[in-house]
Asker: 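First the structure, then my questions, so here it is.
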Amino acid sequence: MSIVAPGRLPAGGRIDRSRTVSFTFDGRTYLGHPGDTLASALLANGVTLMGRSFKYHRPRGVVAAGSAEPNALVTLRAGGRREPNIPATVAELYDGLSAISQNRWPSLDFDVGAVNGLVKPFLAAGFYYKTFMGPTEKAWMWFEPFIRRAAGLGAAADERDPDRYERLNLFCDVLVVGGGPAGLAAALAAGRTGARVVLADEGPVLGGMLLDEPEGSEADRWRERALAELAGLNNVRILPRTTVFGAYDHGVFGLVERVADHKAEPAPFEPRHRYITVRSRAAVVAAGAIERPIGFGNNDRPGVMLASALRSYVNRYGVLPGRNILVFTNNDSAYRTAIDAARAGAVTLADARDQLPEALAAEARAAGIEILGAHAVVQVVGGKSVRKALVAPYDAKTGQTDNGWKEIRCDVVAMSGGWNPAVHLASQRGIRPRYDETAAAFLAEIPPEHPTAPGMRLAGACNGQFDARAAALDGFAKGQQAAASLGFATDTAGTALDGGDLPADAPQQPIVPVWDVKPPRPLRARKRFLDFQHDVAASDVALAHQEGYVSVEHMKRYTTLGMATDQGKLANVPGLAILAGLRGDPINDVGTTTFRPPYTPVSLGAVAGAETELHFKPVRRTPFHRANERIGAAFIDVGLWKRPWYYPKAGEDVNAAYKREAEQTRATVGMVDVSSLGKIDVQGPDAAEFLNRVYVNGWSKLEVGKGRYGVMLRDDGVVFDDGTTTRIAEHHYFMTTTTAGAAKVMAHLENLLQTAWPNLKVSVTSVTDQWAGVAIAGPNSRSLLQDLVSQIDMSNAGLPHMGMREGFIGDIPVRVHRLSFSGELAYEVYTPAGFGEAVWDAILAKGEKHGLVLYGSEALGTLRIEKGHVSAPELDGRTTLDDLGLGAMASKAKPYIGKLLARREAYLDPMRQRFVGLLPVDPAARIRPGSIIHVHNGDHSGFGLGRVTSTTYSPQLKRYIALGLVAGGRDDQAPERMVDACYPLKGDVVPARVVSPHFFDPEGERLRG
Amino acid sequence: MAEILSALDGHVKAGRHGANVDEPGVVLSEGRGLVTVQLTAWPDTASAVAVKAGQVAQTAMPPSMRIGISGQTTVLQVGPERWWFVVPASSDLRQRLEAAFSAEEAVVTDLSHARTIVRITGPKARDLLARVVPIDLHPAVFPRDSIAQTIMHGVGVLLHFSGSASDGDIFDLHIPGTFALSHWEWLVHQAEGLGLEIRA
């Protein structure tokens, strides 16, 4: 265990020095303090090597201090909680944290994959595609796994994630994105008006860049006052550790809150991440700016970091990652880093500009900093750390370096190439950022009431106001504007904050763009990296340009610049600026690539929320579910429904059970739960006319108390759904649909009534949940019901086929419909859902003496296949009435939906696939569902003559039978027509005869019995 | 008359669950013994039907589709010419409405057993609802008596801010009966983090 923390400053930082926490990195134990990130704690312990690069396996350390970090990606935790690719710069330290480095073998310090670095001339942009995709597609398929293994990130957990995730909906008037000076001021300005404000920041503590100011400074006191006032406003909701990752239509934003990432384990019932959807009326985006790196030789060595990151480590975390510091800048902001670092270490500052900011430079010199004006860092020397840097005279006008470089001994190089406003959310809304020459940055301007970003305003650094004071003033103004635009009264005289504004810190000398520093001629060139994570160097951009990839979108994809987990937060702008230089075009003409959500990676757990395992989808249970459970039914998922599949007796599997159930139903009587059928209440003076229009058959003459089978077509003449509809009263019908078709039929009918026929006085209501239903089928069904039901004459005269009567079972009201799907004498009994179980129990109680058997959906299928009734497998959206042998149902006397297009030529082709029965020649043979029908003993390739839709063992025929659709259908002239039913996945070929689909009781004598 | 068996029968067991069992944030119970009757009028009869229906049911009628009438007879307008009357199971309101209107005026649909009512209250009732329905429940936006037809866990539900009690505001969720148990389990799961008391 190491207790020496060589990088920790003796005082300062927003860490709790009174407590220590223990953590491990690659198995070694270290100590840090609450308030540290994993990165700051490692730096404090003198660990600068934190990862290996993606392609060349180069040693890498931290570059940034926040979510833009490209290099220091680690895998956190273990087991089911293992999470790869987490930047060490955002991982908050907690006691017991365990992290391992990635993309190295056998160890981070000695990585065999680093040999890739020796062959890097060959691994330039496009290498893999040129080499492995060139020969054949198969070659790529073969090589791909090896390439992926060599280049990679961490591995996800294999185990189940034990943690909870949840979703949350929030609504507000003004969403403020980012809690830096601009965001705090915007939230205050809007919050003071009484507007409902949500303020989200990705960090654990709000303040943004103000947190990098020394604790107790004037800027820090401003931050504390702002937070105190916000905490007192109950209309402001503050969300720390929450990233606004996406901006969507109509003021909708996607946020992810890392509720428990800063703990070893979430508290009981606490989610790890919370996915928040915010619906806002206006938004102030104050997402800040991200400092740019500069391209120079070996600029990826551990120890080279952004100047702002160094300042953050020094002031926020009390860590100085080295003793000899070289600062390289092209703008004023890095002077503050140099001055703060000089309190603890030796600092040299190279400024690429020849005009220095005099006041700042004087302050720096007073702090003992040596300043080299008009100098640039051209190369770093060192392997796993920085040993020294070469600094050469630099001409900012031409971008050329000169001989006469000098060596500077240093262990940290802090670079600042200027600032990129984080315009991602505006870009996601389709706002194209424009390059501003003065700011040397892409700025996004959102016109008022922009169609895709209404109410969105940018403020602060992400609006080009880089100094804190200007940012806060901008944020305050935008917060006020946002609230005022929603009708909230603003106090226009109000100043940003009681107690004074932030100290002035405006730039004294303008930035001079420096993207990439080429070495003076005699010096051997080293790679100048742009995208650290994807190992894309300036030379790769040049190669892409040379090979014709002159569009920034093409260059990005060819080089993979900006395509890593950090999405080019550091790399994009330098990359496209270099491309612009090569093209000889202004940077604005080259443009940026479009940012898309998410801003930073979102865990899949957060996306899934609580909809996992038991709650993966809602479950729909019939009113008989408990009764079915009690009796031991096996259930099958049909859509969201749990339907009873079969009722096994001891030792029975599904095959034994369904055969027994089907056979006994035809011998005595069976009962099946049909509650999942769609049920629609159709009422109104025009109900009969409505049915006439939606069904192919006629409804005008249907008597009260009678039902009818009906078929609906789609507009294009294809069969849509079928079912029975019964006339309950003069203007009242009870429609049933297939289980699968219930929702779509309901939507279809409602749509027609609201759009096509608003003048029809018809009301449709789904009553699927209102009614419990069973079908009772078999020769003893009548005697069973006679035993049970009062007030209904069950005789053929009293309740004829397709009749409906209302009666009672005990004191429970029931409707008894006489209709048959099974081909048996059969009834459907409906009762309000809450009475279902009592009716079920009553039927079972009387059932035994009538030989009652319960049957499930499997036996239901057997009975209807024997009978040749079509069901969902045949109503597959491709079949017409004539295909299914139902053409005679269609009324010639009236129009109905689908009538016209059903007469299209292709639908009348005699060789269309028609509904048939299929009888295997070998009585023991079984045809698999989904088999393809081919010519008997012919060519078994291609689409064939048709398909098998439904198969079963028929207890009546004592053999397997099948239904299907076969070109030309059944030929009465050739009753022995043979086909082969082929199932290529299993190699099955079953010769079968094409027969009538009505295998059992084709005349229908039983159901009329 | 037989008793209506709830879709949640056997699943609503009194007790405390999840975090903060000493101070549950959410109280869940079932609104039992209530049935729903639907009345649908036509565009040209709706206003007259509303007046007459109020007389038949002896209740005020809702001023809009957003604000309901809460009480012994709850009236919720669920469509441009459509109302739900939620009444005790013993009520004969359905028969009275059927007798009062010809089909040319309005039609009555029996939804007596079609919905299960889950009652949500407690100091964190809104926090629970914010996790399950995309509805702004701020009192200024969704005041007492408000209704919203929305989606919960993929299924259409009706949310009604029906009143207030010492525990806090009361929200009634009308859930299709066949989904009721699944949605009950979903609500229980989501409420555990807020501290849950189930009242039988």
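All values reported here derive from a predicted model rather than from experimental measurement. Below, chains carry the letters A, B, ... as their sequence lines are ordered, and counting in each starts from 1.
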Asker: Spell out, as yes or no, whether a donor-acceptor pair under 3.5 Å connects the side chain of A:Asp811 to the backbone of B:Ala2.
Answerer: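 Confirmed, A:Asp811 side chain pairs with B:Ala2 backbone.
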
Asker: Between B:Asp110, B:Leu129, B:Thr40, which has the largest tally of heavy atom pairs under 4.5 Å with chain A?
Answerer: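 Top count of heavy-atom pairs under 4.5 Å with chain A: B:Asp110.
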
Asker: Look at B:Gly154, B:Ser182, B:Ala140 and state which one has the largest set of heavy-atom pairs under 4.5 Å with chain A.
Answerer: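 Answer, by heavy-atom pair count under 4.5 Å with chain A: B:Ser182.
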
Asker: Among A:Lys761, A:Lys617, A:Glu730, who wins on heavy-atom pairs under 4.5 Å with chain B?
Answerer: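 Most heavy-atom pairs under 4.5 Å with chain B: A:Lys761.
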
Asker: Only one of B:Arg131, B:Gln190, B:His189 clears side-chain hydrogen bond (donor to acceptor under 3.5 Å, both in side chains) with A:Glu166; which?
Answerer: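 Passing option: B:Arg131.
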
Asker: Counting only heavy atoms closer than 4.5 Å, note whether B:Ala19 contacts chain A via side chain, backbone, both or neither.
Answerer: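 Both parts, backbone and side chain.
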
Asker: Where on B:Val141 is there a heavy atom nearer than 4.5 Å to chain A: the side chain, the backbone, both, or neither?
Answerer: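 It is the side chain, since no backbone atom gets that close.
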
Asker: Side chain, backbone, both or neither: which part of A:Pro832 has a heavy atom under 4.5 Å from chain B?
Answerer: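 Both backbone and side chain.
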
Asker: Between A:Arg621 and B:Thr178, does any side-chain donor sit less than 3.5 Å from a side-chain acceptor?
Answerer: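 The answer is no; no qualifying pair exists.
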
Asker: Let me know if A:Ser766 has heavy atoms under 4.5 Å from chain B in its side chain, its backbone, both or neither.
Answerer: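 For A:Ser766, backbone heavy atoms alone lie under 4.5 Å from chain B.
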
Asker: Checking A:Ala838 against chain B: side chain, backbone, both or neither under 4.5 Å from a heavy atom?
Answerer: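 Neither the backbone nor the side chain of A:Ala838 comes within 4.5 Å of chain B.
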
Asker: Who wins among B:Gly193, B:Pro176, B:Ala130 for the most heavy-atom pairs under 4.5 Å with chain A?
Answerer: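 Of the candidates given, the most pairs with chain A belong to B:Ala130.
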
Asker: Using heavy-atom distances under 4.5 Å, tell me whether A:Leu640 contacts chain B through its side chain, its backbone, both, or neither.
Answerer: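 For A:Leu640, the side chain is the part near chain B, not the backbone.
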
Asker: Pick one of side chain, backbone, both or neither for B:Leu194, based on which atoms fall under 4.5 Å of a heavy atom in chain A.
Answerer: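 For B:Leu194, no heavy atom lies under 4.5 Å from chain A.
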
Asker: Less than 6.0 angstrom separating the ring centers of B:His113 and A:Phe835, yes or no?
Answerer: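 So the answer is yes for these two rings.
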
Asker: Taking all atoms of both residues into account, what is the closest heavy-atom pair of A:Arg626 and B:Leu8, and its distance?
Answerer: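 Scanning both residues, the minimum pair turns out to be NH1-C, 4.1 Å.
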
Asker: Taking A:Arg274, A:Arg279, A:His732, A:Arg164 one by one, which has the highest count of heavy-atom pairs under 4.5 Å against chain B?
Answerer: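 Most heavy-atom pairs under 4.5 Å with chain B: A:Arg164.
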
Asker: Look at B:Arg115, B:Glu104, B:His138 and state which one has the largest set of heavy-atom pairs under 4.5 Å with chain A.
Answerer: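 Greatest number of close heavy-atom pairs with chain A: B:His138.
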
Asker: How close do B:Trp42 and A:Pro685 get, counting heavy atoms only, and between which atoms?
Answerer: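 Scanning both residues completely, I find the closest heavy atoms to be CZ2-CD, 3.6 Å.
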
Asker: Is chain A contacted by the side chain of B:Glu81, its backbone, both, or neither, given a heavy-atom distance below 4.5 Å?
Answerer: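 Neither; nothing under 4.5 Å.
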
Asker: Output the option from B:Gly18, B:Gly10, B:Ala7 having the highest count of non-hydrogen pairs under 4.5 Å with chain A.
Answerer: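 Max contact count across the listed options: B:Gly18.
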
Asker: Identify which part of B:Trp186 has an atom lying under 4.5 Å from any heavy atom of chain A, answering side chain, backbone, both or neither.
Answerer: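 B:Trp186 touches chain A through backbone and side-chain heavy atoms alike.
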
Asker: Please classify the contact of B:Asp44 with chain A as side chain, backbone, both or neither, using a heavy-atom distance under 4.5 Å.
Answerer: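 When you check distances to chain A, only side chain atoms of B:Asp44 fall under 4.5 Å.
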
Asker: Shorter than 4.5 Å, heavy atoms on both sides: which option in A:His731, A:His615, A:His625 has the most such pairs with chain B?
Answerer: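 Of the candidates given, the most pairs with chain B belong to A:His615.
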
Asker: Do A:Gln770 and B:Ser112 have side-chain N/O donor and acceptor atoms under 3.5 Å apart?
Answerer: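 Short answer, yes.
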
Asker: Begin from the C-alpha positions of A:Thr765 and B:Gln38 and carry the test side-chain hydrogen bond (donor to acceptor under 3.5 Å, both in side chains) through to its verdict.
Answerer: CA-CA 9 Å; A:Thr765 306; B:Gln38 176 178 286; 2.7 Å; yes

Asker: Let me know if A:Val764 has heavy atoms under 4.5 Å from chain B in its side chain, its backbone, both or neither.
Answerer: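 For A:Val764, the contact with chain B is made by the backbone alone.
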
Asker: Heavy-atom count around A:Arg630 CZ within 6.0 Å, excluding the residue itself: above 12?
Answerer: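 Above 12, so yes.
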
Asker: I'd like to verify something: which residue of A:Glu270, A:Glu837, A:Arg167, A:Glu611 has the highest number of heavy-atom pairs under 4.5 Å with chain B?
Answerer: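 The candidate making the most pairs under 4.5 Å is A:Glu611.
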
Asker: Could you have a look at B:Thr36, B:Val155, B:Val108, B:Leu181 and say which one has the most heavy-atom pairs with chain A under 4.5 angstrom?
Answerer: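 Highest number of heavy-atom pairs under 4.5 Å: B:Leu181.
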
Asker: Spell out, as yes or no, whether a donor-acceptor pair under 3.5 Å connects the side chain of A:Asn169 to the backbone of B:Val133.
Answerer: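 Checking the backbone N and O of B:Val133 against the side chain of A:Asn169, a donor-acceptor pair under 3.5 Å is found.
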
